[in-house]
Asker: 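Sharing a structure below in structure tokens format, with a few things to ask.
This structure is a prediction, so every number in the text was calculated from the model and none was measured. So that the names make sense, note that chain A is the first sequence line, chain B the second, and so on, each numbered from 1.
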Amino acid sequence: MSIKKRFWLALLLSLPMLYDMLAMLLAWPMLPNGDWIALVLTTLIMLISGRAFIQSAWAAFLHHHANMDTLVAVGTLTAYLYSIGALMHHQGVFFESAAYIIVFVLLGQYLEDKMRTQASQATTKLLELQARQATVIRNGQTSEIPIEEVEIGDRLLTRPGEKIATDGRIVKGHSTVNESMITGESMPIEKQAGDLVIGGTLNQTGILEYTAEKVGKDTMLAQIVEIVRHAQSSHAPIQKMADRIADVFVPIVLMIAIAVFAIWNVFLDATLTRSLTFAVSTIVIACPCALGIATPTALMVGTGRAAKMGILIKNGEVLETASHIKNIAFDKTGTLTQGQPVVTDVIGDPKQVLTLAAALESLSEHPLADAIVKAAQKQAIALPDVTEFLNRAGQGVTGQINGHQVFVGKPQLASQPLDKEWQDQIERLQEVGKTTAAVGQDGLIIGLIAIQDAPKPFAKPVIARLKQQGMHTVMITGDNKRAAKAVAKQVGIDEVIAEVMPGDKAQQVKKLQQSGVTAFVGDGINDAPALAVADVGIAMGSGTDVAIETGGIVLVKNSLKDVVKALVIAKKTFARIKLNLFWALIYNLIGIPIAAGVFAHWGLVLSPALAGLAMAFSSASVVASSLMLNAAKIDD
Amino acid sequence: MLKVMILLIAVILIVAIGWWFFGHHQEKAMTARLNNNGQDQKVRIEVNGGYSPSTIVLKKGVPAELDFYRKDPSSCLERVVFPEQGINEQLPQNQLHQIEFDTSQAGEYEFACGMNMFHGKVIVK
Ligand SMILES: [Cu+2]
């Protein structure tokens with residue numbers, strides 16, 4: 001029988017006893033033969049709604065285990081059996097205690113069950129994103145097939161308003177795609193041939209043809225679900241303490257309850273009924289179920305909420321460590337910066353300088369050439385023809401444009417020595433970490449182009465936020481000191497560790513760890529060792545397999561803002577776990593002495609039924625407290 | 001005289017509880033049975049007031065199946081959680097529920113009930 005049914009039945013059957021209790025207080029007419037009615041009703045409740053507790057408790061007992069079912073079973077059985085004995089001897093009974101303990105414990109379990117289902121919805125919701133069908137193109141024909149039958153290399157088609165079936169690369173078409181469900185990115189993203197698409201996201205405006213690159217459990221969605229599921233069933237280290245307490249708790253409570261009974265009856269001369277009431281209340285209020293669910297429920301809600309924002313937290317341990325980070329180190333290229341050099345300044349007549357430079361560089365293969373060509377494309381500049389193109393290794397490139405001799409590269413390519421004004425400009429640009437190329441015509445320099453791997457948007461405010469939270473920010477990079485320092489200055493980072501070989505990043509993270517808990521933020525493949533060594537590895541963006549495997553936290557979206565968000569969520573969730581554990585413990589620490597009758601002298605006592613109610617609400621309140629994480633403010 | 005008796009019984013009960021729950025009561029580990037000429041291995045675990053057996057030994061590299069059979073009606077044992085494997089499954093009452101277990105890496109893996117009160121261990125070697 002379900003908990004729900006057991007609860008409603010117990011409640012209905014206990015109503016006459018509730019009436020009798022009220023009647024006694026308010027001097028209404030009492031039920032005739034009230035004690036006998038109570039006996040019949042309580043027996044029914046014990047048999048129908050309470051039997052499961054006794055069964056479980058007995059099975060556990062045989063395994064030398066005791067749990068909350070033990071407490072409920074011992075508590076209700078004591079009250080019930082004692083009352084039967086008392087009825088035979090025409091003494092006061094307290095059947096209703098047994099009945100109400102069962103009602104309230106079931107109420108607590110029913111609420112808890114309901115809320116737990118709600119808390120674990122994150123993975124279910126993610127799984128619902130999965131497309132059920134895919135439109136496959138075979139031999140020029142389209143056909144619908146179940147998603148399970150899609151194979152790598154299949155050519156798939158998605159119409160506007162349809163879900164993208166699986167991870168792949170676009171071959172044909174142009175559209176905007178809403179990826180918010182996976183990456184948390186709220187803006188629709190424009191996609192065309194060559195771009196990657198993620199299975200489960202929503203195609204909005206155009207028809208897309210793409211080849212499947214990942215299927216089944218290798219897709220990003222499947223991996224996200226897997227990580228969330230892992231995280232939700234993991235335990236935070238702090239939980240171990242709670243477990244240890246719960247393990248020894250129940251037997252100790254039983255011992256205390258016996259001692260309570262003996263002390264009241266033998267030394268304080270209380271009646272048998274009164275002594276038993278104290279003992280039963282003690283047993284009932286001590287149920288440690290709130291302690292048991294304090295961590296798992298908070299973890300579920302916290303990691304589930306994070307996943308919705310595109311932040312995957314691997315397990316409870318990461319969450320706990322992430323809430324006391326001292327150093328946070330960033331990889332530079334691609335993490336703090338865009339990862340691609342771009343033209344930042346053009347000095348001289350911008351149009352002329354860029355036109356000539358781009359025309360020449362469009363024939364070059366230098367990595368920086370690409371940046372210049374792109375800058376010209378962006379301004380829709382038409383490139384003139386170049387003749388006599390020459391690549392002078394280590395110097396730059398030269399050629400003829402419209403009858404003029406033109407060059408791009410080192411200032412030494414000019415026929416005259418560099419004058420002071422250009423020299424100053426170049427030095428100023430280099431000071432801030434920019435690479436400069438001189439552009440000249442007929443032996444004279446006519447302008448400069450500065451190129452830099454620019455910091456990402458929000459790099460500066462994000463670093464500021466982290467510093468504000470008391471973290472020491474570090475940048476680890478293979479770049480030369482000057483360029484690294486310049487970027488560090490732009491974004492406001494505290495410490496720069498430059499000229500680090502890719503393999504030594506992990507070593508540097510280890511060094512930082514000597515001064516405290518260290519997080520490392522990197523974008524995957526070559527950062528993997530550092531991500532693994534760090535106390536908290538935060539892998540950014542792109543969802544490469546290596547990143548997903550080595551990072552403790554994975555940011556699906558390539559946004560620095562999510563670093564702050566992730567740490568805020570981790571902190572809030574961990575704080576909630578601590579709060580839950582604190583309340584669960586303090587509740588017992590206060591409740592047990594009251595139930596045992598320590599304060600009886602001052603009139604403060606707890607009937608077994610009230611104890612049952614209180615304990616039911618303690619577990620329900622822990623779950624409610626965890627659910628409140630869903631409403632906690634996470635700003636970026 | 002009655003009071004002395006009550007006191008005596010109380011003391012005996014307290015000692016008995018201590019012995020029953022805190023004394024050393026080791027359960028034997030159970031080694032999985034190999035089937036189909038060592039192609040796979042299976043263990044049946046009864047869930048009733050705990051897991052019996054609660055320690056299961058699996059052979060490394062052989063696909064394994066853990067068959068949970070839950071008799072216990074308590075809501076606590078309703079789920080079984082293997083934190084390291086990310087397995088968190090509902091066990092239907094009075095039905096066999098199969099869980100596949102990855103034995104590619106040797107080690108000791110703990111599992112527990114949904115509330116982490118009952119514990120068991122899988123040893124892969
Ligand atoms: Cu439990």
Asker: Name the option with the most non-hydrogen atom pairs under 4.5 Å to chain A; the candidates are B:Ile6, B:Ile9, B:Val11.
Answerer: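 Max contact count across the listed options: B:Ile6.
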Asker: So for atom CD, which belongs to B:Glu100, do other residues, nucleotides or ligands contribute more than 12 heavy atoms lying within a distance under 6.0 Å?
Answerer: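 Count not over threshold, so no.
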Asker: Around atom CD of B:Gln90, are there more than 12 heavy atoms from other residues, nucleotides or ligands closer than 6.0 Å?
Answerer: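 Yes, because the 6.0 Å sphere around CD of B:Gln90 holds more than 12 heavy atoms from other groups.
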Asker: Just how far is it from atom CZ of A:Phe261 to atom CG of B:Leu7, taken to the nearest 0.5 Å?
Answerer: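 Going from CZ on A:Phe261 over to CG on B:Leu7, the span is 10.5 Å.
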Asker: Residues of residues 262-269 of chain A under 4.5 Å from chain B (heavy atom pairs)?
Answerer: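 Under the 4.5 Å heavy-atom cut-off, A:Ala262, A:Asn265, A:Val266, A:Phe267, A:Asp269 qualify.
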Asker: Measure distances from A:Ala259 to the heavy atoms of chain B and classify the residue's part below 4.5 Å as side chain, backbone, both or neither.
Answerer: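 Backbone plus side chain of A:Ala259, per the 4.5 Å heavy-atom cut-off to chain B.
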Asker: Does atom NZ of B:Lys3 have more than 12 heavy-atom neighbours, drawn from other residues, nucleotides or ligands, at distances under 6.0 Å?
Answerer: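 It does: B:Lys3 NZ has more than 12 such atoms within range.
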Asker: Is there a side-chain contact between B:Phe21 and A:Ile252 in this structure, where contact means two heavy atoms from C-beta onward sitting under 4.5 Å apart?
Answerer: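 Sidechains of A:Ile252 and B:Phe21: no contact.
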Asker: Quick check on ring pair (Phe, Tyr, Trp, His ring centres under 6.0 Å): which of B:Phe22, B:Trp19, B:Trp20 does A:His64 satisfy it with?
Answerer: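 With A:His64 as partner, B:Phe22, B:Trp19, B:Trp20 yield a single ring pair (Phe, Tyr, Trp, His ring centres under 6.0 Å), made by B:Trp20.
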Asker: Could you state the interatomic distance from CG (A:Leu254) to CD1 (B:Ile17), rounded to the nearest 0.5 Å?
Answerer: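 CD1 of B:Ile17 is found 5.0 Å from CG of A:Leu254.
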